[in-house]
Each structure stands twice: as structure tokens, then as C-alpha cells.
Amino acid sequence: MPLHNVGYRAWQGTSVPSATRLITIASTGVRRAFHSRWLRRLLFLALLPILFFSIAFFLFEQAQRDPAIWRAFRELVGGLPNASILQQSLGSSSAPTSEQFAEMRPTIWSYLLLTLLRYPQAILMLLVVGIVAPPLISQDLRTRAYLIYFSRPITRTEYIFGKLCTIAFFVSMISALPALLLYGLAVMLSPSLDVVLTTWDLPLRILVASVVLIVPTALVALAFSALTLESRYAAFAWFAMWIVGHVTYSVLVAFQTMDLRRGSRDIAIEQLGLGWRMLTSPYQVLGTAQAFVFGFVQDTSSVIGAFVLLGLASAASLWILYRRVNAPMSQ
Amino acid sequence: MTEPEKDSLSSPSPVIRLRGVTKSFRNFQALRDITVDIQPGVTGLLGPNGAGKSTLIKILLGLLKASSGSGSVLGLEIGAANLEIRQKVGYMPEDDCYLPQLSGVESVQFAARLNCLPSIEALRRAHEILDFCGAGQERYRTVETYSTGMRQKLKFAQALVHDPPLLILDEPTSGLDPDERKAMLNRIKVLARDHQKTILICTHILPDVQQVSHDVVILAAGQVSVAKSLAELSKPLVPALNVRVNGPPEVFAGILRAEQIDVSIGAFGMLVVSGDSDADVQRIWRLAAQHNIVLRSLTPAKNSMESIFLEAVKGTQHATA
């Protein structure tokens with residue numbers, strides 16, 4: 001029992017603005033999600049790719065001084081996916097001049113940042129959202145926690161966007177944050193702070209690419225969560241969507257490459273726009289959109305297709321969310 | 001309304017005011033022409049299952065839109081000012097509802113923050129309200145581990161934490177042991193008496209209503225069957241006194257009948273004597289003294305809550321049949 005029970009007292013404090021409700025919903029979601037040990041491990045794991053890419057940035061910035069470092073950088077980057085798009089920049093085996101370095105720097109940095117977002121972080125994003133998103137709404141429906149929310153001055157929009165912000169926080173932690181850290185590290189490793197003048201757009205591109213990643217994925221994951229009372233079904237649907245999409249895409253690409261009698265399965269980023277085939281894989285659709293944000297995709301039709309698909313998926317998910325969140329109240 | 005008692009409709013400043021509220025779900029009419037005023041104090045909202053109590057509460061909170069009719073809560077128009085209404089109402093749902101992985105105090109803090117209390121102040125207030133609700137160290141455990149009684153306390157604390165002028169409590173004593181039930185009813189009395197809260201209690205436990213309510217609204221088949229003060233409802237149609245005596249009741253009944261007093265023997269040997277004036281009481285005392293009869297109790301007869309409830313429900317069923 002309390003040491004000094006004051007009984008009931010009226011509350012006469014000052015309320016905070018109503019916009020803080022959204023932050024309350026999001027921050028409580030984050031706090032609850034952090035109870036997952038697997039999530040904490042994944043977030044730690046998400047920082048490790050920074051080490052690899054910081055070595056790449058270090059080698060690139062030091063390559064001006066020593067041709068041996070330039071060769072090491074070429075070998076390192078040559079082993080990364082879609083490195084063929086850097087063929088023009090990396091073609092020379094001798095170290096470029098400082099003018100050539102300055103010229104190729106934005107492209108190389110963009111490529112490294114995109115590769116970070118597109119490969120390790122995108123796969124980690126898939127896992128993190130698969131842990132965070134499924135219980136966000138389904139658990140509220142199962143435990144009837146929606147009564148706690150909606151008996152208070154909360155609108156459906158605040159509820160949905162509060163949950164969205166929970167996912168956005170974690171996805172930002174593994175996409176935007178590492179990429180921005182890497183950009184900051186690259187600036188510090190460069191010979192002069194003047195590089196900011198030529199690469200100032202990269203932080204903005206990182207943020208836009210993160211938004212392109214967060215909005216559709218978070219909405220789709222939340223829609224799955226809203227469709228069931230069992231979060232494991234929502235998690236299953238989430239992972240199934242990615243796996244089935246990727247397998248379908250791989251099979252279609254394999255058929256195409258067989259038709260073209262090409263032996264290589266390494267598809268360059270500029271070749272990602274494989275027409276309608278690309279639309280079968282959420283991973284490829286997001287990759288195309290992100291590559292466009294970083295200025296690597298020239299095929300307009302595949303970019304339009306990707307953005308239209310992402311827009312449609314987001315709109316459909318929002319429609320499901322509004323209907324499902326309202327449903328328990330209408331009974 | 002079929003034949004609802006309408007004495008509560010004319011009061012000057014009702015906290016809840018409903019006029020002709022009807023709610024239909026496709027072919028099913030959950031509420032029919034509800035016209036009622038809820039006054040400050042404690043009001044019991046009663047009704048059998050499916051009477052429309054939950055639908056009415058959802059309409060009051062603006063979670064459901066009425067098919068027709070109008071109403072206000074705390075002077076705010078239902079439908080036009082739903083968020084403002086929910087800001088000023090504390091709702092304790094009947095359903096078990098909780099946020100897993102949060103401790104009790106975090107859950108109450110969360111409820112306070114949803115009502116726009118600053119974060120640190122919400123935590124302080126959560127502790128204060130949990131103290132008031134009699135929650136001990138278990139407030140630091142996650143809510144999944146709570147007993148039914150503790151969850152009731154938690155829901156009550158969440159409804160109360162932002163200090164709302166109107167509380168809507170759905171089955172507040174359900175699942176509580178006798179001590180906890182008594183404590184919960186005392187809290188409700190304290191809030192109404194000392195802090196001028198208006199409290200609407202929706203329950204099936206009729207003695208609870210009798211213990212704490214001033215007014216009673218009975219819903220049956222989606223209609224207001226009764227809306228009256230408990231004191232008036234408790235008065236029997238014919239004034240009477242309940243008398244218990246030591247020994248066989250027939251003896252004293254015979255004595256009373258010999259004095260031309262109308263008396264009958266009720267359940268458990270209770271004598272029901274017509275009339276409840278002071279003179280009637282004095283006469284019974286005098287006759288008992290004269291014949292050396294020991295009176296164990298002498299109380300004015302009251303309609304039991306059960307009989308009031310059953311009468312109201314039966315009346316509506318006949319009217320809708």
C-alpha cells in the first residue's frame with residue numbers, strides 16, 4: 001500500500017497539444033516492440049554492414065594517394081551486386097587524377113549508399129517489419145485494446161498513423177540512420193569538406209529512398225495485421241508475399257535469360273526494369289524505385305510501373321486499415 | 001418509449017440528454033426512440049442482455065452514429081463534438097482489454113497520455129490513481145499476469161486518470177470478491193459525493209445499483225422502460241411495513257387482525273402490515289408490548305430491485321408483443 005495515500009484528487013494541470021497522441025501511440029508501440037529479444041539482435045546486426053561500407057569509402061578516398069589502394073577498391077566494389085554500372089568509372093586500372101576523383105565521387109557514393117540500402121538493409125528491413133508489424137493491430141483486436149484507444153479522443157487516422165510511425169521508427173533505424181551515418185563518415189574521410197557541395201543531395205536522396213521504402217511496406221504490413229486476430233498469420237502473410245514474389249520473379253528472369261541464351265544471372269540495376277516481370281516481386285519493385293531515387297534507373301516505364309504499384313498497394317492497404325479499424329466499433 | 005416514467009425528463013441541466021435516439025443495424029432495431037435525461041449523481045443503467053445498453057454507450061461516446069434522434073453529453077452535441085465528449089468522459093469497458101507487455105502503471109500512464117496529460121505528469125497521476133484504486137506493488141507487473149479483480153481496478157484507474165466529469169462504468173464490480181466489490185462501490189460513492197462526478201453504471205448486479213445509485217434507467221428491447229429516482233421506484237404501490245418477530249408469526253398476525261389491521265405473512269415468516277405512517281408504527285409497537293411479543297425488525301416495505309427490474313422488463317415485452 002502507498003506510504004501516503006492522498007485519496008482522489010482532481011487534476012488541474014495543463015494539457016499538452018492533441019498532436020502528441022500520435023507520438024504517444026508510436027512511442028508506446030516502440031517500447032512494446034523492444035521487448036522482443038530477436039528485434040534487439042536484428043537492430044544490432046543492422047549496424048554491421050556500416051563497417052564493410054565504411055571500408056569501401058575509406059579505400060575510395062585514400063585511393064588518390066596510392067594506386068595499390070585504388071586496385072583494392074576496384075576489387076572490393078567489383079564484387080558487389082550491379083557493379084557493372086560503375087564500369088565507366090572503374091574502367092581505368094591506373095589511379096584517376098584528383099579531378100577525375102571529384103567527378104566520379106557522387107556516382108561512387110550514390111552507388112555505395114544505394115547498395116547498402118538495397119541489399120543488407122532491405123533484407124534486414126524485411127525481418128524487422130516481420131517482427132514489429134504483425135502484432136501492432138492484430139494484438140489490439142485480440143486483447144480488445146482498441147477500446148482503450150477509441151474510448152478516448154483518438155481518431156482512426158491518429159491510430160493508424162501512430163502505428164505506422166512505430167514501423168517507420170524501426171525501418172529508419174536500419175535504413176536511413178545507417179546510410180546517413182555512412183554519409184557523414186564519408187565526408188569526414190574525404191580530403192576536404194568541399195565534397196559536401198557536390199554530394200549535398202545524397203542525404204536527401206537517402207531520406208526520400210527511406211520514405212519510398214517505409215510507406216508502402218509499413219502500410220501493407222499493417223493491413224495484414226488488421227486482417228487477423230492472430231499475429232502469426234499476419235507474419236506468415238508478410239514473409240510469404242516477399243518469398244513468393246521473389247521466387248516468381250527469379251523464375252521469370254531465368255526463363256528470359258534462357259531465351260536470350262545468357263549464362264549470367266547477374267542483372268544490372270539498369271536492367272532491373274524487366275517490364276511486367278519486375279512487378280511480380282515487391283523486392284524488385286522497391287529496388288527499382290530506390291534506384292530511381294539515386295539516379296540509376298533510366299527506363300521510365302519500369303519506374304512508372306514501380307511507383308504506380310507502390311501507390312496502389314499503399315492505397316489498398318489504407319482502405320483495408322480504415323475499414324478494419326472501424327469494424328469492431330460498428331458491431 | 002412504451003410507458004416510460006417521465007419524471008426525469010423535465011430537470012433543468014441534465015448531464016446526458018437524449019431525444020428520440022434510434023439505432024438500426026440493417027433489419028434489427030437496437031434502440032427505439034430513446035428519450036431520457038441523466039442527472040448529476042449516480043445513475044444505474046439496467047437491462048437484460050440485448051436490451052441495447054452497449055449500443056447506447058457507444059452512441060454516447062460517438063463511436064456509433066444514431067440512425068435518428070439527437071442528444072448531448074455534458075452540453076456537447078453527440079455527432080458534432082465526439083472527440084470533445086470522449087475527452088471529458090471516462091469509460092470503463094466491460095470487456096477485458098489491455099495492452100500486452102505494459103505494466104499496470106504504464107497502462108494507466110498510457111491512458112492518461114492519450115488524454116493529453118504530459119508524460120511525467122501522467123506517470124505521477126497514474127500512481128496516484130492506482131493508490132486510490134487500492135493497487136499495490138502489482139502495478140509493476142505486466143498486465144497479462146493480472147487477476148480479474150486487478151484488471152477491473154486497472155480499467156477503473158484508466159477511466160479515471162484524466163479526471164473526467166462523467167464516468168461510464170460497464171459492469172464495474174464484475175469478477176470482484178465481496179471485499180473488493182464493497183471497496184469499488186465505496187470509491188464510486190466517494191467520487192459522486194465528494195468530487196461531484198456524474199457516474200453511469202451499467203450492470204447486471206442489481207444490489208450494486210441499489211447501493212450506490214440515485215436514479216435508475218431500465219432499458220428493455222431497445223426502449224426506455226423506466227427512468228426514475230430509486231427512492232420513488234422503491235416505494236410500493238400500497239404503503240406497508242415489514243415486521244419480523246421472535247416465535248411463530250401467525251400469533252402476532254392474529255393479534256393484528258383482531259385489531260382490524262390488514263396483514264399478510266410473506267416469505268421467511270415476514271409479516272407485511274398495511275400502512276406506514278408514524279401512527280401505524282406506534283400501534284404495532286404498542287400491540288407487541290401488550291402481548292409480550294419481541295419484534296426483531298420493523299422497516300418500511302420497499303420494492304426490491306429485482307421486482308422493479310422484472311416488472312419493467314415484463315411491461316416492455318407486453319408492450320412490444
Side-chain angles (χ1 to χ4, degrees), chain A residues 1-36 39 135-136 138-159 162 231 325-331, chain B residues 25 54 57-58 61 63-64 82-93 95-102 106-107 109-119 121-122 125 127-132 134-137 142-144 155 158-163 168 187 190-191 194-195 197:
Chain A
M1 290 306 290
L3 292 173
H4 179 54
N5 189 350
V6 294
Y8 186 81
R9 294 193 301 188
W11 186 72
Q12 291 167 329
T14 309
S15 298
V16 290
S18 57
T20 57
R21 291 187 201 118
L22 195 140
I23 298 166
T24 301
I25 294 170
S27 62
T28 305
V30 169
R31 195 192 307 175
R32 288 170 65 198
F34 262 121
H35 281 90
S36 165
L39 180 67
L136 278 177
S138 63
Q139 209 170 48
D140 284 353
L141 295 174
R142 193 172 69 247
T143 62
R144 294 190 176 90
Y146 58 84
L147 288 168
I148 297 174
Y149 290 98
F150 294 111
S151 60
R152 292 177 171 76
I154 304 290
T155 61
R156 278 186 299 171
T157 305
E158 283 172 326
Y159 176 80
S231 49
V325 168
N326 197 41
M329 294 298 149
S330 310
Q331 289 162 6
Chain B
F25 296 100
S54 298
I57 289 173
K58 283 180 183 174
L61 291 170
L63 299 173
L64 275 181
N82 291 338
L83 292 182
E84 289 89 340
I85 289 172
R86 276 183 252 160
Q87 180 70 43
K88 292 185 173 185
V89 174
Y91 173 54
M92 176 185 177
D95 295 314
D96 198 17
C97 56
Y98 59 91
L99 288 162
Q101 290 140 359
L102 291 188
E106 283 172 338
S107 300
Q109 183 196 17
F110 175 66
R113 288 182 69 195
L114 288 182
N115 282 94
C116 292
L117 269 72
S119 180
E121 177 61 11
R125 177 78 179 164
H127 279 293
E128 188 177 304
I129 292 297
L130 284 167
D131 287 347
F132 174 69
Q137 296 302 304
T142 53
V143 290
E144 301 97 296
K155 286 191 288 178
Q158 286 177 320
L160 194 56
V161 69
H162 59 291
D163 190 29
I168 299 177
R187 281 178 210 120
V190 165
L191 289 170
D194 301 343
H195 300 278
K197 303 278 181 209

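Chain letters run A, B, ... following the sequence lines, proteins first, then strands; residues in each count from 1.
- Listed here is the closest heavy atom pair of A/Ile148 and B/Tyr98: CD1-CA, 3.8 Å.
- Taking both residues in full, the closest heavy atoms of A/Arg144 and B/Asp95 are given as CD-CB, 3.3 Å, listed atom of the first, atom of the second, then distance.
- Atoms CG and OG, on B/Asn115 and A/Ser151 in that order, are 8.0 Å from each other to the nearest 0.5 Å.
- Between B/Lys58 atom NZ and A/Leu147 atom CG the span is 7.5 Å, to the nearest 0.5 Å.
- A/Thr143 touches chain B through backbone and side chain together, each having a heavy atom under 4.5 Å away.
- Heavy-atom distances place the side chain of B/Leu191, and not its backbone, under 4.5 Å from chain A.
- Rounding to the nearest 0.5 Å places OG1 of A/Thr28 at 5.5 Å from CZ of B/Arg113.
- Most heavy-atom pairs under 4.5 Å with chain A, from the set B/Leu99, B/Leu61, B/Leu130: that is B/Leu99.
- Side chain of A/Arg152 to main chain of B/Arg86: no donor-acceptor pair is present (N/O by atom type, distance under 3.5 Å, no hydrogens or angles).
- Looking at B/Ala159, only its backbone comes within 4.5 Å of chain A, counting heavy atoms on both sides.
- Separation of the B/Phe110 and A/Tyr149 ring centroids falls under the 6.0 Å cut-off.
- In this structure, the side chains of A/Gln139 and B/Pro100 come closer than 4.5 Å at one or more pairs of heavy atoms.
- Options A/Ile154, A/Asp140, A/Thr20 differ in how many heavy-atom pairs under 4.5 Å they form with chain B, and the most are formed by A/Ile154.
- The contact between B/Ile129 and chain A is made entirely by side chain atoms (from C-beta outward), counting heavy-atom distances below 4.5 Å.
- At a 4.5 Å heavy-atom cutoff, the contact between A/Pro17 and chain B is made by backbone atoms alone.
- Stacking of B/Arg125 on the aromatic ring of A/Tyr8 is recorded, both the 6.0 Å distance cut-off and the 45° axial limit being met.
- In this structure, the separation between CG on B/Leu83 and OG1 on A/Thr155 is 6.5 Å, given to the nearest 0.5 Å.
- Summarising the geometry of B/Leu102 relative to A/Arg32, their closest heavy-atom pair is CD2-CG, 3.8 Å, with the distance given to 0.1 Å.
- Looking at B/Lys88, there are no atoms closer than 4.5 Å to chain A (heavy atoms on both sides), in backbone or side chain.
- The candidate from B/Gln158, B/Glu128, B/Glu121 with the greatest count of non-hydrogen atom pairs under 4.5 Å with chain A is B/Glu128.
- Between chain A and the residues B/Ser119, B/Pro118, B/Ala122, the largest count of heavy-atom pairs under 4.5 Å involves B/Pro118.
- Heavy-atom distances place the side chain of B/Pro93, and not its backbone, under 4.5 Å from chain A.
- Of the two parts of B/Gln87, the backbone and the side chain both hold a non-hydrogen atom closer than 4.5 Å to a non-hydrogen atom of chain A.
- At a 4.5 Å heavy-atom cutoff, the contact between A/Arg9 and chain B is made by backbone and side-chain atoms alike.
- Taking A/His35, A/Gln12, A/Glu158, A/Arg142 one by one and counting their heavy-atom pairs under 4.5 Å with chain B, the maximum is reached by A/His35.
- Between B/Phe132 and A/Gly7, the shortest heavy-atom distance links the atoms CD1-C, 3.8 Å.
- For a residue to count as touching a neighbouring chain, one of its non-hydrogen atoms must lie under 4.5 Å from one of that chain's; by this rule A/Ser27 touches chain B with the side chain only.
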